[in-house]
Every structure is written in C-alpha cells, then in structure tokens.
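Report on one structure; see the data block that follows.
Naming convention: chains lettered A, B, ... in sequence-line order (proteins, then strands); numbering from 1 in each chain.
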Amino acid sequence: MAWTWFHRLGSPPYIYGLAARLTPWFAWCAALTILGGLYGGLVLAPADYQQGDDFRIIYVHAPSAWMSLMVYSTMAISAGVGLIWRIKVSHAVAAACAPIGASFTFVALVTGSLWGYRMWGTYWEWDPRLTSELILLFLYLGYMGLRSAMDDPQRADRASAVLAVVGIVNVPIIHYSVLWWNSLHHLLCSWQSPPCPHRC
Amino acid sequence: MQLAKPTMPASMLIPLLMMFFGFTVMFAALLLVRLRAEILSRERTANWIREAVAS
C-alpha cells in the first residue's frame, strides 16, 4: 500500500466496483435509521403543546432542507475538483448529485409550504428563506438543463461545473437568511414552540 | 443553524437526529447508484464495461 492509493479514486472502473460494493451497506443503514426515526417521530414522540400533531412534519421537512444544502455543497465541491484537476469521476459525482439534490429541495419546499399553511395561514410568502430555497431549486434545474443541452460531454462538464461553483454563494444565503433579514418567517417563528426549525 | 431549542424534549429530538442521519446515508446510497449509472453512460465504449457487466 503506497501513498499513491488515492490515484485509484480517479479511475472509473475502480469507482464503479467500489460503488457497487458499498451501496447495500448504505441503503440498509439508511432504511433502518429512517424507519426508526419515523416510528419515533410519528408514533412515540408526544404531540407539541402548541402545534399539536402539525409539528411532526419537521421529521421530513428539516432533514430534506438540510440535505438540499448538503447535496449542493457536495455537487459544487466535486464540480470544482473536476474543474481544477480535470478528474472525470469528479464531474460524474457532481452530475449524479443534481437530481437527488433537486428532489430534496422540492420535498423541503412542499413540506414547508404545508407546514406554513397550518402555522401562518399561507402556502407561500416571498420570505428570504423561502425565496432563496426556491432559487436553489432553480440552480439544480439549471445545472441539469445546461448539461443536457450540450452534446460534447467535456464541454458540458466544464460549463455546468462553473455554474455549480458560482451557485454555491446561495448556500450561506439560505443558511443565514433568517438571521440577516428580519422576515415575517422569523417574527412568526419567535412566538412558536420549540419544534419550529427557523431560529426560534 | 440552531435547529431546535435545547428545551426540545429528547423524545422529539432523538427521532429528528435519526432522520438527519438517515437522510444523509440515504443520499450516499442514492449517489452511489446514480454514480454507477453516470459512469456506465460515460464509459460505454470502454472494454472494462463489458467485463463488469458480464460478471
């Protein structure tokens, strides 16, 4: 085992085999943890003293919203690594992230909208957190659209990677939006009970 | 990000942390599956693909 072991991480056949071997471990671990978490959250946890059972949507909403940012960061970092060191596998990782991240973002927006309707009486508000999360969805869709619009894979990799890297400025904006702007979201959150996720 | 006040009872918080962990691992599993599909379509002309698919 030499220090060059990590060179294999840039080799498509090695990564293909490694991914095949690791997938079932991650899949089972995820399935068991999510089933346990849903049982704990939807069945065992007590109803909230102010929100009743409404707060339970947090068990899907908050992890989805968190993952929308995590996946984008993963995508932007691997796209950046692909740009700088011209590693094909790195671009493949970034391309694989986009539809997953877009799905998490979509779930976060829909569950947040439903929760908002119950708590604030409106499905949608042009609040900084909601707006920046919607922009995140458009970044994912733009990234995917840009890739599929280019026939030459190398050009598609590089052009979409630039978009992914530039778009990462949106991640801290989403994260700190409830602090930077004293929004409706924030004010309404402030009287809510602990399960409200947005900096109560 | 302050996700919940420390006053959130453990019976609510522990399932939430499990969901965070579970979603993260689910992302890893989905990423590995999609990465294999992505590599297959990129390397469809390579020799090692024929061997990998045959095995």
Side-chain angles (χ1 to χ4, degrees), chain A residues 12-13 15-20 22-42 44-46 48 55 58-60 62-64 66-67 70-71 74 88-89 91-93 95-97 99-101 103-104 153 175-176 178 193-200, chain B:
Chain A
I15 291 293
Y16 184 87
L18 185 68
L22 291 180
T23 300
W25 295 95
F26 282 99
W28 277 109
C29 179
L32 295 176
T33 322
I34 288 173
L35 282 176
L38 283 178
Y39 184 73
L42 303 184
L44 296 182
D48 182 61
F55 91 98
I58 196 178
Y59 293 108
V60 177
S64 300
W66 169 247
M67 289 315 295
M70 249 278 284
V71 176
T74 310
K88 275 193 287 179
V89 170
H91 284 298
V93 169
C97 281
I100 307 172
S103 310
F104 279 127
H175 190 97
Y176 292 109
V178 285
S193 54
C196 176
H198 296 153
R199 182 67 77 168
C200 305
Chain B
M1 181 162 45
Q2 182 82 36
L3 285 162
K5 278 184 180 173
T7 53
M8 192 170 176
S11 56
M12 283 182 185
L13 186 61
I14 289 167
L16 186 59
L17 295 178
M18 283 174 76
M19 290 300 283
F20 273 94
F21 179 78
F23 269 47
T24 309
V25 180
M26 180 172 79
F27 162 56
L30 291 172
L31 180 62
L32 291 174
V33 172
R34 284 208 55 83
L35 179 60
R36 284 175 71 206
E38 189 70 30
I39 290 176
L40 270 186
S41 76
R42 281 162 184 258
E43 307 273 315
R44 57 187 173 272
T45 53
N47 282 327
W48 68 267
I49 292 280
R50 252 165 272 153
E51 291 157 27
V53 171
S55 65

Looking at [options], which makes the most heavy-atom pairs under 4.5 Å with chain B?
options: A:Ile15, A:Val60, A:Thr33; answer: A:Thr33
options: A:Thr74, A:Leu18, A:Leu42; answer: A:Thr74
options: A:Val71, A:Ile34, A:Leu22, A:Leu35; answer: A:Ile34
options: A:Val89, A:Leu32, A:Thr23; answer: A:Thr23
options: A:Ala92, A:Gly41, A:Ala19; answer: A:Ala92

Of all residues at least two apart in sequence or in a different chain, which pass the ring-ring contact (aromatic ring centres under 6.0 Å, His included) check with B:Trp48?
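Per chain and number, B:Trp48 pairs via ring-ring contact (aromatic ring centres under 6.0 Å, His included) with A:Tyr16.
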Chain B contact via [X] - which portion, at a heavy-atom distance below 4.5 Å:
X: A:Pro13; answer: both
X: A:Leu44; answer: neither
X: A:Ser64; answer: both
X: A:Pro24; answer: neither
X: A:Tyr39; answer: neither
X: A:Ala20; answer: both
X: A:Leu38; answer: both

Between A:Lys88 and B:Glu43, what is the shortest heavy-atom contact and its length?
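Where A:Lys88 meets B:Glu43 most closely, the heavy atoms are NZ-OE2, 3.5 Å.
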If you look only at distance, which donor and acceptor atoms sit under 3.5 Å apart when one is on a side chain in residues 11-37 of chain B and the other is two or more places apart or in another chain?
unit_1	atom_1	unit_2	atom_2	d
B:Thr24	OG1	B:Phe20	O	2.7
B:Arg34	NE	A:Ala96	O	3.4

